[in-house]
Amino acid sequence: MQLEQFNQLSDDDALDVLRPCLDIERWGRAISVERPFASRAQLIAFATEAASPFTEAELERALSHHPRIGERAEGEGAEASMSRSEQAGVDTSDATAHALAEGNKAYEARFDRVFLIRAAGRSSEEILAALTARLGHTAEEEQAIVDHQLREIAALRLEGVVSA
Ligand SMILES: NC(=O)NC1=NC(=O)NC1=O
């Protein structure tokens, strides 16, 4: 939709547009009440920083919507199709895919949450390298990184939903 249309939506309709980008109510509301945005760039910049930092509970809720890297999101909803296109570059057929599956398991065992990364524009190899590096982090370091990755994914999704 056009930016102007987004600016004119009711709060509830604006939240419905924002939710598949990132399911954190505080984030959606902060963006909705900030309208009207003068430009798409201003909307994306605001959305990237809004409601920062996310709480642990907000992160857990948002993460529950993201399939594992290398696992295809099921379902026909906006979120599932966004996830499938974001993970289009993730090769699920070779040794890297196996290593990713093992890495996901190790990450979940260590941090008790799914490994989350902005997958769009990244190859399986790049994602595997990031996963391996992040396994060495503390829980606090990972919380800040997951917050940032969720924001990157949300900004990319929002760019796909609201055109200039
Ligand atoms: N576990 C994940 O990192 N999932 C995802 N990353 C994305 O960029 N889209 C996803 O669904």
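FYI, side chains are in, hydrogens and waters are out, and symmetry mates aren't considered; it's all heavy atoms of this structure. Order of listing sets the numbers, starting from 1, for every ligand and every atom in it.
- With a heavy-atom cut-off of 4.0 Å, Arg118 touches ligand 1 through its backbone alone.
- Put simply, the side chain of Arg29 never gets that close to the backbone of Arg26: no donor and acceptor are under 3.5 Å apart.
- Interface atoms of ligand 1 facing Ile153, defined by a heavy-atom separation under 4.0 Å, are 6 (N), 7 (C), 8 (O).
- Without hydrogens or angle criteria, Asp94 side chain to Ala97 main chain gives a donor-acceptor distance under 3.5 Å.
- Using a distance-only test at 3.5 Å, with no hydrogens or angles considered, a donor-acceptor pair links the side chain of Gln87 to the main chain of Gly70.
- Nearest non-hydrogen protein atom to atom 9 (N) of ligand 1 is Glu86 OE1, 2.6 Å.
- Counting heavy atoms of neighbouring residues, nucleotides and ligands inside a 6.0 Å radius, atom CZ of Arg84 exceeds 12 of them.
- A side-chain hydrogen bond (donor to acceptor under 3.5 Å, both in side chains) check over residues 126-137, counting only residues at least two apart or in different chains, returns the pairs Ser123-Glu126, Arg134-Glu142, His137-Glu142.
- A side-chain hydrogen bond (donor to acceptor under 3.5 Å, both in side chains) with Glu86 is found for one member of Arg118, Arg122, Arg157 and no other, namely Arg157.
- Neither the backbone nor the side chain of Ala73 comes within 4.0 Å of ligand 1, counting heavy atoms alone.
- By the criterion of a heavy-atom distance under 4.0 Å, the side chain of Gln87, and not its backbone, is placed next to ligand 1.
- Not one N or O of Val114 is nearer than 3.5 Å to an N or O of ligand 1, by distance alone.
- Using a distance-only test at 3.5 Å, with no hydrogens or angles considered, a donor-acceptor pair links the side chain of Asp147 to the main chain of Phe54.
- Between Arg68 and ligand 1, not a single N/O pair is under 3.5 Å apart.
- Ala119 N, 2.9 Å is the protein heavy atom nearest to atom 8 (O) of ligand 1.
- Annotation: atom 3 (O) of ligand 1 to nearest protein heavy atom, Ile117 N, 2.9 Å.
- Atom 11 (O) of ligand 1 has Ser83 OG, 2.6 Å as its closest protein atom, hydrogens excluded (heavy atom only).
- A salt bridge between Arg61 and Glu58 is absent, with no side-chain N of the basic residue lying under 4.0 Å from a carboxylate O of the acidic one.
- Remark: minimum distance from atom 4 (N) of ligand 1 to any protein heavy atom is reached at Pro67 O, 3.1 Å.
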